[in-house]
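Per chain, numbering begins at 1; letters A, B, ... match sequence-line order.
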Amino acid sequence: MPELPEVETLRKGFEKYVVGHKILEVEVRDKKLLVGYEKYVVGKKIIAARRFGKGLVIDLSNGSSIAIHIKLTGQFVFRSPAVNNLKLPKQLIDGIPSKFTRVIFKFDRGAVLYFNDVRRFAWMKVVPTSEVGRLPFFAGMGPEPFKDLGFEYFQTMIKKSSGSVKSALMDQKKIGGVGNIYANDALNLARIDPRRKGAGLSTEEIKKLFDAVHTVLKKGLKYGGATEINYVNILGLVGQYQNHFLVYDREGEKCKNCGGIIKKIKIAGRGTYFCPNCQV
DNA sequence: CGAGGTACCTGACAGC
DNA sequence: TGCTGTCAGGTACCTC
């Protein structure tokens, strides 16, 4: 699912292919998105693509930005004469535009950016670039791995949380960017039972977890993210991290660490996978 | 304030 | 075949 590695992979794609293009036309097919804001983006050039946690920010040449959260099923797929000449592997999503295409950005030089979203959970907001940080989602977000998440803060945060350690990892207000997949895998790598209360973890365990969070996110980035439902990068290609899950979506299979059988339970309403044998 | 539950939305899939 | 029910996941919002 779109978590830090997936959104970062998408952001890199924007940087490589979309930045520099000028928006000539916007076709909004879903009335929930961008309606009334077309005038702020048409005729403007895309100058940067930034990421905050699982959020994406596209900066425009007129001092406006498009803040985006692709939620569960949002996809951005870029096409241009140059991209069409690339020899892309046969894992392309098919049918763009499709009935799930919600917005189409038409650029100069024959380029097009499709925004697809099956479940329509995604949001897209146009705001002055200087005010992106005031949008509630960004304003409330905690520090994020590889950026400003320090161990001292992480340790304090985990120890004072009253719920399960897994819920704490997934709380965007506590840490930005970690979702269900990477929380499950990080806890397996740190050999910690996801049901445990954060307050009950030792400093040593918290250090292992801190390192594990970074390790699994890095691995996710290396494989271009995970495609569980329909995440794709800017070219429409699926990620590969799902082939390297430690425990996520592997109920009944063997733990890669100890060979124990992976179990699935629910924690705070979320599917939770762990190895009862080595995660204690 | 914090943590848990649920709505949001729709396709996939299991079971009848 | 086709219908019904359940599940999935990130966040907003409500409730305790």
Side-chain angles (χ1 to χ4, degrees), chain A residues 1-11 29-33 51-57 67-76 93-95 98-103 115-125 132 134-142 144-145 156-187 194-201 216-217 220 225-232 238-239 241-242 245 247-252 262-274:
Chain A
M1 269 327 91
E3 300 180 31
L4 190 154
E6 287 75 26
V7 181
E8 176 61 15
T9 301
L10 184 60
R11 189 200 67 77
R29 297 184 171 190
D30 184 340
K31 299 294 171 223
K32 285 170 74 178
L33 301 165
R51 180 190 59 76
F52 300 94
K54 303 174 195 172
L56 191 61
V57 177
I68 302 156
H69 197 307
I70 65 173
K71 293 286 182 79
L72 306 169
T73 57
Q75 304 175 321
F76 275 101
I93 62 158
D94 39 66
S98 73
K99 62 174 177 171
F100 304 120
T101 299
R102 311 297 181 192
V103 182
F115 177 67
N116 309 322
D117 185 21
V118 172
R119 289 188 191 162
R120 302 172 64 215
F121 280 1
W123 50 256
M124 209 179 275
K125 299 169 188 189
V132 167
R134 280 190 220 163
L135 288 171
F137 177 73
F138 294 103
M141 188 154 42
E144 55 174 294
T156 308
M157 180 279 286
I158 293 288
K159 283 190 172 166
K160 78 176 182 192
S161 65
S162 54
S164 70
V165 58
K166 178 169 181 262
S167 300
L169 284 181
M170 290 174 62
D171 186 339
Q172 302 302 296
K173 290 182 168 55
K174 294 185 165 74
I175 307 176
V178 180
N180 205 24
I181 290 176
Y182 296 95
N184 276 287
D185 275 9
L187 285 160
R195 295 167 294 189
R196 286 180 59 192
K197 302 282 181 204
L201 298 191
V216 297
L217 290 175
T227 298
E228 265 292 274
I229 303 181
N230 62 0
Y231 167 78
V232 292
V238 300
Y241 181 66
Q242 68 279 9
F245 285 156
V247 287
Y248 184 81
D249 203 27
R250 296 187 62 236
E251 182 183 16
I262 293 163
K263 200 175 160 187
K264 182 182 183 186
I265 57 171
K266 265 195 194 298
I267 291 179
R270 287 280 166 268
T272 301
Y273 301 83
F274 73 111

Among the nucleotides C:dT11, B:dG11, B:dC9, whichever has the atom closest to the side chain of A:F100 is B:dG11
- With side chains defined as the heavy atoms from C-beta onward, is the minimum distance between A:N184 and A:P194 less than 4.5 Å? no
To the nearest angstrom, the CG-P distance between A:N116 and B:dC9 comes to 19 Å
Same-atom distance (P) from B:dC9 to C:dC3, integer angstrom = 23 Å
Of the candidates C:dC7, B:dT10, C:dG10, the side chain of A:K264 sits closest to C:dC7
Sorted by position of nearest nucleotide on DNA chain B, 5' first, the leading residue of A:K197 and A:R270 is A:K197
Ranking C:dA12, C:dG10, C:dC7 by distance to the side chain of A:F137, first place goes to C:dA12
With the side chain defined as heavy atoms from C-beta on, A:K99 is closest, among B:dA3, C:dA8, B:dG11, to B:dG11
| task | Taking the side chain as every heavy atom from C-beta outward, state whether A:R51 and A:V57 have any atom pair closer than 4.5 Å. | result | no
Between NZ of A:K125 and P of C:dT11 the distance, given in whole Å, is 12 Å
Atom NZ of A:K166 and atom P of B:dA3 are separated, to the nearest Å, by 15 Å
Among B:dG11, B:dG4, B:dC9, the one nearest any side-chain atom of A:A268 is B:dG4
Here the distance between atom C1' of C:dT11 and atom CD of A:E3, to the nearest Å, is 13 Å
| query | Is any side-chain nitrogen or oxygen of A:T73 closer than 4.0 Å to OP1 or OP2 of B:dG11? | reply | no
Notebook entry, point to check: Is the phosphate of C:dT11, meaning OP1 or OP2, less than 4.0 Å from a side-chain N or O of A:Q172?
Noted result: yes
Query raised in the report: Would you say A:K174 reaches B:dA3's phosphate, i.e. side-chain N/O to OP1/OP2 under 4.0 Å?
Result: yes
task: Say whether A:K166 and A:T272, considering side chains only, have a donor N or O and an acceptor N or O under 3.5 Å apart.
output: yes
Here the distance between atom P of B:dG2 and atom CD1 of A:I158, to the nearest Å, is 14 Å
Out of B:dC9, C:dT11, B:dG2, minimum distance to the side chain of A:S162 belongs to B:dG2
*Answer yes if the side chains of A:Y241 and A:E228 hold a donor-acceptor pair under 3.5 Å, and no otherwise.*
no
Exercise. Heavy atoms, side chains only, cut-off 4.5 Å: are A:L10 and A:Y231 in contact?
Worked result: yes
**Message:** If stacking means aromatic ring centre less than 5.5 angstrom from the base's six-membered ring centre, planes under 30°, is A:F121 stacked on C:dT11?
**Reply:** no
Atom CD of A:E6 and atom P of C:dA8 are separated, to the nearest Å, by 18 Å
Whole-Å distance, A:K173 NZ to B:dA3 C1', equals 12 Å
Rounded to whole Å, CE of A:M170 lies from C1' of B:dA3 at a distance of 13 Å
